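Read the numbers this way: they start at 1 and go in the same order the structure lists the ligands and their atoms. Only this structure's heavy atoms are used, side chains among them; waters, hydrogens and symmetry mates stay out. The structure displayed is predicted, hence computed values, not measured ones.
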Amino acid sequence: MNVAFIGCGYVADIYARTLANYAELDLAVVHDKNPQRAEAFSKMYDVPTAPTLDAVLDDSRIDMVVNLTNPSSHYEISKRALEAKKHVYSEKPLATDFEQAVKLVDLARRQGKLIAGAPCTHLGEAAQTFGKALREGRIGKPRLVYAELDDGPIHMLDYKNWRSESGAPWPYLDEFNVGCTLEHAGYYVSQLVAFFGPAKSVTSFASLVVDDKGIEETPTTPDFSVGCIEFSSGVVARLTCSIYAPHDHALRVFGDEGILALKECWDFGSSVGFYPRNRVALKAEKHLAIAHRIGVGMLPVPLVRKVDFGFKVKGANRMDMARGIAEVAEAVTQNRGCRISADFSLHVNEIVLSLQNPKAMGVQRKLVSTCHRPAPMDWAG
Ligand SMILES: NC(=O)c1ccc[n+]([C@@H]2O[C@H](COP(=O)([O-])OP(=O)(O)OC[C@H]3O[C@@H](n4cnc5c(N)ncnc54)[C@H](O)[C@@H]3O)[C@@H](O)[C@H]2O)c1
């Protein structure tokens with residue numbers, strides 16, 4: 001299948017490197033509205049550039065558009081690609097506005113094309129191992145989930161000098177303005193929907209913790225959120241996202257007979273472990289709470305298959321991002337259901353938007369009572 005990348009920025013390098021894992025996918029052409037960026041990318045990966053989006057969309061060899069533009073452009077580019085009867089694989093979020101995401105999914109249906117939204121973390125080896133252990137009843141009935149996507153205090157790091165392999169700067173303005181919840185929550189939400197099915201409600205709190213991040217403009221987008229997702233199957237999940245608390249990408253699912261833990265969301269080969277909840281183990285459980293988070297002392301659950309991407313992954317994540325494109329391509333060629341269907345992508349999009357925008361998407365109580373802060377004890381100084 002011939003694919004075209006629209007957007008040759010920071011993430012496009014990760015896609016290009018992981019695309020090499022799939023011989024059936026051919027990167028036929030790339031386009032970026034910034035010609036210098038397209039040129040640098042084209043040189044590095046030896047792929048032709050197209051001068052305009054229209055040139056890509058008019059090219060009958062192209063079957064799928066991979067939308068790697070900034071989130072504010074996702075809707076327009078995906079819409080144009082679907083109108084031109086191309087399949088679409090879009091970086092997250094599918095759209096920054098839920099109504100627009102609905103329109104994209106409707107359009108794809110009318111055009112008889114697939115649209116799928118990243119991330120594809122639920123297709124990774126660790127997530128597949130986790131899902132199998134849940135299906136096999138390893139922890140009995142799963143009831144409660146704690147998932148963390150804390151990414152550390154990025155504004156205290158040297159983020160202005162981060163560069164991709166082909167030289168694209170890390171788009172910090174965009175990252176801070178789009179917000180860490182919209183950028184990151186999907187990495188776990190997609191897994192949770194794959195494990196537990198659709199959700200029926202989201203209750204969230206989101207806030208800006210650090211307004212001065214050393215950039216040209218003051219961001220207003222929350223850099224912290226905590227939300228609770230109620231799944232139709234009865235499971236309840238608490239998901240936290242921030243770019244302030246120290247790095248913690250752990251997932252824990254608590255069941256009547258045990259706890260399943262996954263250490264690192266952004267590693268398809270992350271360790272997965274099990275802690276029993278029998279009478280003896282329960283006595284030690286309160287002392288092990290921290291250990292659960294970092295995977296100490298767990299009984300390893302072997303991955304369902306070895307992780308062998310066949311390429312060197314650099315940087316903060318070890319995710320085979322092109323796997324999502326390959327899944328869509330295979331679903332098309334085999335005429336089978338896609339594991340990143342339009343409905344799935346839309347549902348993940350709605351949950352993530354609700355986590356980030358509780359005021360716009362749902363109810364948030366404004367408190368009517370207030371009080372004075374209790375004075376410290378005299379002996380506390
Ligand atoms: N930066 C990361 O680490 C990272 C990781 C995973 C996913 N993502 C996601 O990938 C997407 C892109 O992020 P990025 O970090 O590569 O951003 P980026 O700013 O580095 O790159 C985006 C590129 O898209 C181009 N572009 C924007 N609008 C366009 C349009 N209308 N037509 C043609 N080109 C256009 C820009 O010129 C830019 O070169 C985002 O959705 C982001 O959430 C980013």
Side-chain angles (χ1 to χ4, degrees), residues 4-18 29-42 44 49-57 65-81 84 88-96 100-101 116-121 124 149 151-152 154 157 159-190 215 221 241 243 249 265-268 313-325 345 348-349 352-353 356:
F5 285 2
I6 308 297
C8 302
Y10 195 89
V11 86
D13 282 84
I14 305 177
Y15 274 90
R17 292 205 312 272
T18 52
V29 70
V30 297
H31 164 70
D32 196 296
K33 68 178 183 187
N34 173 348
Q36 287 88 34
R37 190 79 289 284
E39 213 40 57
F41 190 85
S42 149
M44 175 119 190
T49 62
T52 60
L53 176 64
D54 282 335
V56 176
L57 299 182
V65 162
V66 180
N67 186 351
L68 304 179
T69 60
N70 308 92
S72 57
S73 297
H74 284 184
Y75 172 69
E76 190 56 30
I77 299 289
S78 294
K79 178 168 157 288
R80 296 275 313 279
V88 171
Y89 187 78
S90 169
E91 244 309 327
K92 38 99 189 135
L94 200 58
T96 52
Q100 290 187 333
C120 64
T121 347
L149 276 165
D151 219 28
I154 287 178
L157 305 178
Y159 63 82
K160 287 185 180 167
N161 288 319
W162 292 347
R163 295 284 179 279
S164 73
E165 295 217 316
S166 67
W170 187 67
Y172 57 88
L173 271 181
D174 211 42
E175 290 274 339
F176 292 147
N177 286 329
V178 170
C180 62
T181 303
L182 213 48
E183 290 283 356
H184 300 158
Y187 289 107
Y188 266 138
V189 171
S190 57
I215 58 177
T221 314
C241 291
I243 43 173
H249 286 183
C265 181
W266 290 0
D267 181 357
F268 274 24
V313 192
K314 286 188 186 158
N317 76 60
R318 278 181 46 83
M319 291 186 279
D320 181 9
M321 288 193 173
R323 191 169 299 179
I325 306 174
S345 306
V348 170
N349 192 231
V352 173
L353 286 168
Q356 170 146 331

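Closest approach of Phe268 to Cys120, counting heavy atoms only: CZ-O, 3.9 Å. Taking both residues in full, the closest heavy atoms of Val29 and Thr49 are given as CG2-C, 3.7 Å, listed atom of the first, atom of the second, then distance. Scanning both residues, Asn67 and Thr69, for their nearest heavy atoms gives OD1-OG1, 2.7 Å.
For the atom pair OH of Tyr187 and CH2 of Trp266, the computed distance is 6.0 Å after rounding to the nearest 0.5 Å. Between atom CG of residue Leu53 and atom CG of residue Asp32 there is a gap of 11.0 Å, rounded to the nearest 0.5 Å.
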Could you pull out every N or O of ligand 1 that sits under 3.5 Å from a protein N or O, with the distance for each pair?
| residue | atom | partner | partner atom | Å |
| --- | --- | --- | --- | --- |
| ligand 1 | 1 (N) | Glu175 | OE2 | 3.4 |
| ligand 1 | 16 (O) | Tyr10 | N | 3.1 |
| ligand 1 | 16 (O) | Val11 | N | 2.8 |
| ligand 1 | 19 (O) | Asn70 | ND2 | 2.8 |
| ligand 1 | 20 (O) | Tyr10 | N | 2.8 |
| ligand 1 | 28 (N) | Ser73 | OG | 3.1 |
| ligand 1 | 34 (N) | Lys33 | N | 3.1 |
| ligand 1 | 37 (O) | Asp32 | OD1 | 2.6 |
| ligand 1 | 39 (O) | Asp32 | OD1 | 3.3 |
| ligand 1 | 39 (O) | Asp32 | OD2 | 2.6 |
| ligand 1 | 41 (O) | His74 | NE2 | 3.1 |
| ligand 1 | 41 (O) | Lys92 | O | 2.9 |
| ligand 1 | 43 (O) | Lys92 | O | 3.4 |
| ligand 1 | 43 (O) | Lys92 | NZ | 3.1 |
| ligand 1 | 43 (O) | Glu183 | OE1 | 2.6 |

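Under the side-chain contact (heavy atoms from CB on, under 4.5 Å) criterion, Pro171 pairs with Tyr10, Asp174, Glu175, not counting sequence neighbours.
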